[in-house]
Amino acid sequence: NSFCTLLAFAMNGTIIDTLAKVAEVYRSNGVVYRYKAYRTAIDTIKGLDFEITSADQVKGLKGIGKGMIDKIAEILRTGALQQEKDVTSDPVNQALRLFTSVHGIGPVLARQLVEQGYRTLEDLKAAHLPPAARMGLAHYEDGKERIPFAEVEDHLAHMRQLMHGAVDPALIPVVCGSHRRLGPTSGDVDVLLTQPLSHSQAASKYVYLRLVVKALRDAGYVP
DNA sequence: TAGACGGCGCATCGCC
DNA sequence: GGCGATGCG
DNA sequence: GTCTA
């Protein structure tokens with residue numbers, strides 16, 4: 001629609017993708033704040049309504065300092081970022097990125113697994129893993145699956161019915177996240193449980209959360 | 001130029 | 001088992 | 001990496 005025209009500028013895309021790869025390496029190495037700094041800069045560039053032709057154009061914008069300016073300038077000048085080539089081609093970084101993409105494996109465990117010589121997800125099947133990571137590995141492919149818009153609607157319908165019948169008729173699930181923004185698919189379903197008409201504070205979030213989880217469980221919706 | 005950068009529940013681990 | 005620290009999302 | 005006190 002006219003309010004959120006998809007603005008795709010080739011050079012901005014290159015810059016975003018390049019910075020995102022470097023950011024991912026930091027994240028998988030546990031360097032969280034540097035990772036977040038990259039995310040901030042990336043979000044700023046994503047929001048631009050013009051194509052970057054000179055690094056000066058983004059000087060002073062949120063999250064963009066000298067470091068980012070230099071990187072952007074290099075990408076504009078050479079078409080790529082040497083640092084990005086270096087860090088992403090490193091086998092250890094590749095394994096760290098792969099392992100931390102498994103739900104339940106963070107930078108610390110990923111590093112330990114690499115030190116133990118593991119390099120592929122196939123390798124990990126033979127590794128000693130905590131239950132959460134074992135679960136994440138078992139559902140690795142499924143976890144990457146995107147959920148079609150219509151399917152999210154089905155989930156919400158089920159949930160409304162469940163809330164109304166088994167928990168509290170006043171409890172209304174409100175969808176947020178990508179589905180609320182009308183994305184064609186969603187990675188997950190974010191739901192806010194609200195109680196619009198309630199003037200009571202009697203029920204603590206814990207009481208409700210337990211009721212909700214139990215209802216979902218009894219319905220066979222979650223294990 | 002040092003320190004902040006979100007806060008929190010749950011699972012696990014090391015120590016007592 | 002209790003308890004604080006750490007990892008993770 | 002960036003920003004602020």
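Chain identifiers are assigned alphabetically (A, B, ...) following the order of the sequence lines, protein sequences preceding nucleic acid strands; residue numbering begins at 1 within each chain. Heavy-atom basis, side chains included; hydrogens, waters and symmetry copies ignored.
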Once you round it to whole Å, what is the distance between [atom2] of [N] and [atom1] of [X]?
| X | N | atom1 | atom2 | answer |
| --- | --- | --- | --- | --- |
| A:R134 | B:dA11 | CZ | C1' | 16 Å |
| A:L96 | C:dG7 | CG | P | 15 Å |
| A:Y33 | B:dA2 | OH | C1' | 15 Å |
| A:M135 | C:dC8 | CE | P | 17 Å |
| A:Q83 | D:dG1 | CD | C1' | 11 Å |

Would you list the protein and nucleotides 3-5 of chain D atom pairs, both N or O, that sit under 3.5 Å from each other?
| residue | atom | partner | partner atom | Å |
| --- | --- | --- | --- | --- |
| D:dC3 | OP1 | A:G63 | N | 3.0 |

- Query: Is it true that A:R27 and A:E24 make a salt bridge, defined as a side-chain N closer than 4.0 Å to a carboxylate O?
  - Reply: yes

- Message: What residues from residues 101-121 of chain A pass a heavy-atom cutoff of under 4.0 Å to DNA chain C?
- Response: A:V102, A:H103, A:G104, A:I105, A:G106, A:P107, A:V108, A:L109

- Message: Under 4.0 Å, heavy atoms only, any strand: does A:Y35 hit a base, just the sugar-phosphate, or nothing?
- Response: nothing

- Item | Value rounded to 0.5 Å, distance of CD in A:Q57 from CD1 in A:I64 | 11.0 Å

- Message: With a 4.5 Å cut-off on side-chain heavy-atom distances among I, L, V, M, F, W and Y, is there a chain of contacts connecting A:L156 to A:L182?
- Response: no

- Residues sharing A:L124's hydrophobic cluster, by side-chain heavy-atom contacts under 4.5 Å among ILVMFWY, directly or via others? A:V92, A:L96, A:L98, A:F99, A:V102, A:I105, A:L109, A:L113, A:V114, A:Y118, A:L121, A:L129, A:L137, A:Y140

